[in-house]
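Below, all heavy atoms of this structure are taken into account, side chains as well, without hydrogens, waters or symmetry copies.
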Amino acid sequence: MTIIDKIKAFFKVKGAQVGMVNELNKITDHPRIGISASEYQRINKAKRFFEGNFDDIKYHNTVGILKKRPYVSLNMAQVVSRRLASIIFNEKATITVDGDSKKWVADFLNNNDFNKNFERYLESGLALGGLAMRPYWNQAKKQMAISWIQAPVFYPLNSNTGEVSEAAIASVTTETIGQRRVFYTLLEFHEWQGVKDDGSSSYVIRNELYRSEQANIVGIKVPLPSYDKYADLEDEVTINGLQRPLFTYLKPAGFNNKDLTSPLGLSIFDNAENTLQQINDTYDQFNWEIKQGQRRVAVSESLMSAIPDKDGNVHEIFDPDQNVFMPIGGADMDSSVVKDLTTDIRSQQYIDSINQFIKTFEMQVGLSSGTFSFDAQGLKTATEVVSENSMTYQTRNSHLTMVERAIQELIVSAVSLAVSLDEFSGTIPELSDITVNFDDGVFTDKSAQLDYFLKGVAGGVFSKVYAISKILDISEKEAEAELSKINDENANVNTTDPVDGAIYGQETPTQGNNNA
C-alpha cells in the first residue's frame, strides 16, 4: 500500500467513526473497506482477458484514411482457466462427512448441484484471482442455498495477508424508470462484533443501499425500503454461535506479488499478461493476413466496363458478385494484360510464433510443456498421460489444498447457519470430519496406472495391498479386504476342477492312493 493509500485509509476510518458515509464514487472509497482500488483495476484487467473483450484495431488504409476493425483473439485466458478447473475439480468428485450431519450435508450439496456449479465458478475464480461462497436460507424453497460471489464484487474489510474474516459483498441491479436507468448497489457487510466471556463474538451483517443514475458511480446512500427488491431487508442482522464467517473465500495457490499486503489472490495468468497479449496479437495479425491475402487480379479498366448487346441490353464482363478483379487504368496497362497481385500467406511463420508464445505461457501458468498446441486446424489440447512429476500435476496439487479447505469451510458455515436458525439440530462438524475425494480419472490414464503398479508388484517394489489401494483409490484397510477376496477366488478356481487346475498351471489331484 502506497503512502497516498495509507493517508486515504486514515481519513476513511475517521469518517466511518463519525458516520460520514452518504455518497460513494467507487466501492473502495467506503471507509470500512481497506483494500487499494488498484487491486480491483487489476481484477478488471484480468476480467477483460478472460472475456476476450478488446478494443477495435485502428489503422490507416492505403490512401491514409483512418479505419477500424474488430480485434480477433485466441482467448487463451479462458482456455487455460477452463482446462485447469476441469482437472482440479469435476462432477465425479465425492464429499463425505462423518457424524450426524452426514445426511443434511448430502442434501445441501445435492439441492445446490454443488459439483457442477463449483467447477463452473472455479473457472472464474482461477481467472479472476478469487471466489467466495456464502450459504443463506432460501425461505421460498425452505432449504439452504449457496450464493456464488465472484472476485469483482468481493471486498475484504482488512488489509492483512492472512485469512479474510470480514468482508463486504456488492450486488448491482438496474431499474428502468421512464426513459432513465437507475442503478442500485447493495453493500452487505459481514463483521464480528464484541467478545463474550466464552471468547465467542457476535456475527453482524449490515446492509447499505446506494442509488445512482450513472453506471460508473455507486451513488447516494438511500433507505432499503426505497427499492422494492430490498423493502423487506433489515438494516442489521446479528447471528450468535458462529465460529467462522458465513462466507468462504477461495483464492488460487501462490503469493500475490502485485500487492504484498493484499489478502486477495492473483489470477493464474496475472504474471503472464504480456505473453497473452503476444498470443492474441499474433493470432489477430494472422487472421487479418488471411483476410487481406485473398486473391487479387489486376486487369485493364476497359475490361471492367459494361458492354451493350445488339438489343441494347447492358452486360458486365465479370460476375457482379466477385471481388477478385481490380481495374487499373493508364497507358502502361494493356487491355489484354491480366496480372495476379496475390501474395503468399505466411501461415507457417504465424503458427510457429503462436506455438512459441504458448510454450512460454504454459511455463508461466504452471502447465506441462505441450499441454496446448496450435496448427492449421486451430488450438488443440494434449490428451497424453500426465505423470506425477509433471508441472501440471504439481500445479494441480497446489490448488487442491486450497480447494479442499474451501469446501470444508463452506460446509461448516452452512451447518452452523442451519443450527442458528433451528433448521438443523445435529452437531456441527469439524473441518477434519469432512473429506473431499477428487476424481483422478480425468487426469491420469487408468490403464497406464494399472500397468505401472502391476510392474511394481512384480518387481517387488510395491506390496499388493498398497497397489490395490492406489489403483482403486481406497484405504489400505479396504485394500486388505479386497486382496482377501481375490485370494479366495483364486483358491476356488485352482481346486474346483482338474481342467481349470491344468489351465492355471496347477497339478491335477491324483485319484486314490497308490501306496495303499
Tell me every residue that passes ring-ring contact (aromatic ring centres under 6.0 Å, His included) with [X], counting only those two or more places apart in sequence or in another chain.
X	result
Tyr283	Phe374
Phe183	none
Tyr466	Phe462

Glu213 and Arg181: CA distance, side-chain angles, deciding distance, salt bridge (charged side-chain N to carboxylate O under 4.0 Å, His left out) verdict: CA-CA 6 Å; Glu213 295 186 13; Arg181 293 181 67 197; over 6 Å; no
Worked verdict on Arg48 versus Asp55 for salt bridge (charged side-chain N to carboxylate O under 4.0 Å, His left out): CA-CA 10 Å; Arg48 290 192 66 191; Asp55 296 333; 3.5 Å; yes
Once rounded to the nearest 0.5 Å, what's the spacing between atom [atom1] of [X] and atom [atom2] of [Y]?
X	Y	atom1	atom2	value
Tyr40	Ile33	OH	CD1	7.0 Å
Asn112	Ser147	CG	OG	10.5 Å
Ile88	Asn397	CD1	CG	10.0 Å
Asp259	Glu39	CG	CD	4.5 Å
Leu74	Leu276	CG	CG	9.5 Å
Glu166	Gln193	CD	CD	10.0 Å

Parallel, tilted or perpendicular, as decided by the 30° and 60° cut-offs, for the rings of Trp148 and Phe118: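 Tilted: the ring planes of Phe118 and Trp148 meet at 30° to 60°.
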Residue pairs fulfilling salt bridge (charged side-chain N to carboxylate O under 4.0 Å, His left out) with at least one residue in residues 409-429, sequence neighbours excluded: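 Every pair satisfying salt bridge (charged side-chain N to carboxylate O under 4.0 Å, His left out) with a residue in residues 409-429: Arg244-Glu409, Arg405-Glu409.
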Glu123-Gln78 side chain donor-acceptor pair, cut-off 3.5 Å: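 Short answer, yes.
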Partners passing salt bridge (charged side-chain N to carboxylate O under 4.0 Å, His left out) against Glu188 (at least two apart in sequence or in another chain):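 If we apply the salt bridge (charged side-chain N to carboxylate O under 4.0 Å, His left out) test to Glu188, skipping adjacent residues, the hits are Arg134.
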Lys103: partners by salt bridge (charged side-chain N to carboxylate O under 4.0 Å, His left out), with sequence neighbours left out: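 Once residues adjacent in sequence are excluded, the partners of Lys103 under the salt bridge (charged side-chain N to carboxylate O under 4.0 Å, His left out) criterion are Asp107.
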Contact check, side chains of Tyr136 and Ile146, non-hydrogen atoms, under 4.5 Å: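 Side-chain contact under 4.5 Å: no.
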State, to 0.1 Å, how close [X] and [Y] come at their nearest heavy-atom pair, and which atoms those are.
X	Y	answer
Ile411	Leu109	CD1-CD1, 4.5 Å
Ala46	Ala127	CB-O, 3.7 Å
Ile434	Val412	CD1-CG2, 3.9 Å
Asp100	Gly426	OD2-CA, 3.7 Å

[X]: partners by side chain to side chain contact (heavy atoms under 4.5 Å, CB included), with sequence neighbours left out:
X	value
Ser73	Phe54, Tyr71, Asn75, Asn280
Asn257	Leu266, Asn271
Asn487	Leu483
Pro223	Pro225, Ser226

Given Lys258, Arg42, Lys45, the one that forms salt bridge (Lys or Arg N to Asp or Glu O under 4.0 Å) with Asp270: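 Exactly one pass, corresponding to Arg42.
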Glu236/Arg206 under salt bridge (charged side-chain N to carboxylate O under 4.0 Å, His left out): CA gap, chis, key distance, verdict: CA-CA 4 Å; Glu236 184 175 306; Arg206 296 183 176 92; 3.2 Å; yes
Phe189 and His30: CA distance, side-chain angles, deciding distance, ring pair (Phe, Tyr, Trp, His ring centres under 6.0 Å) verdict: CA-CA 11 Å; Phe189 291 89; His30 198 288; 4.8 Å; yes
Donor-acceptor under 3.5 Å (Tyr203 side chain, Asn240 main chain):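 The answer is no, because no donor-acceptor pair under 3.5 Å joins these two groups.
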Which side-chain N or O atoms in residues 357-366 pair as donor and acceptor under 3.5 Å with protein atoms at least two apart or in another chain?
from: Thr360; atom 1: OG1; to: Gln356; atom 2: O; distance (Å): 3.3
from: Glu362; atom 1: OE1; to: Gly370; atom 2: N; distance (Å): 3.1
from: Glu362; atom 1: OE2; to: Thr371; atom 2: N; distance (Å): 3.1
from: Glu362; atom 1: OE2; to: Phe372; atom 2: N; distance (Å): 2.7
from: Gln364; atom 1: OE1; to: Thr275; atom 2: OG1; distance (Å): 2.7
from: Gln364; atom 1: NE2; to: Thr275; atom 2: OG1; distance (Å): 3.4

Ser38/Ser36 under side chain to side chain donor-acceptor pair (under 3.5 Å): CA gap, chis, key distance, verdict: CA-CA 5 Å; Ser38 61; Ser36 171; 2.8 Å; yes
Salt bridge (charged side-chain N to carboxylate O under 4.0 Å, His left out) between Lys102 and Asp98, intermediate numbers included: CA-CA 6 Å; Lys102 180 177 182 178; Asp98 294 333; over 6 Å; no
side-chain hydrogen bond (donor to acceptor under 3.5 Å, both in side chains) involving Glu480 - partner list, sequence neighbours excluded: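 Testing Glu480 for side-chain hydrogen bond (donor to acceptor under 3.5 Å, both in side chains), a comparison that skips the adjacent residues, returns none.
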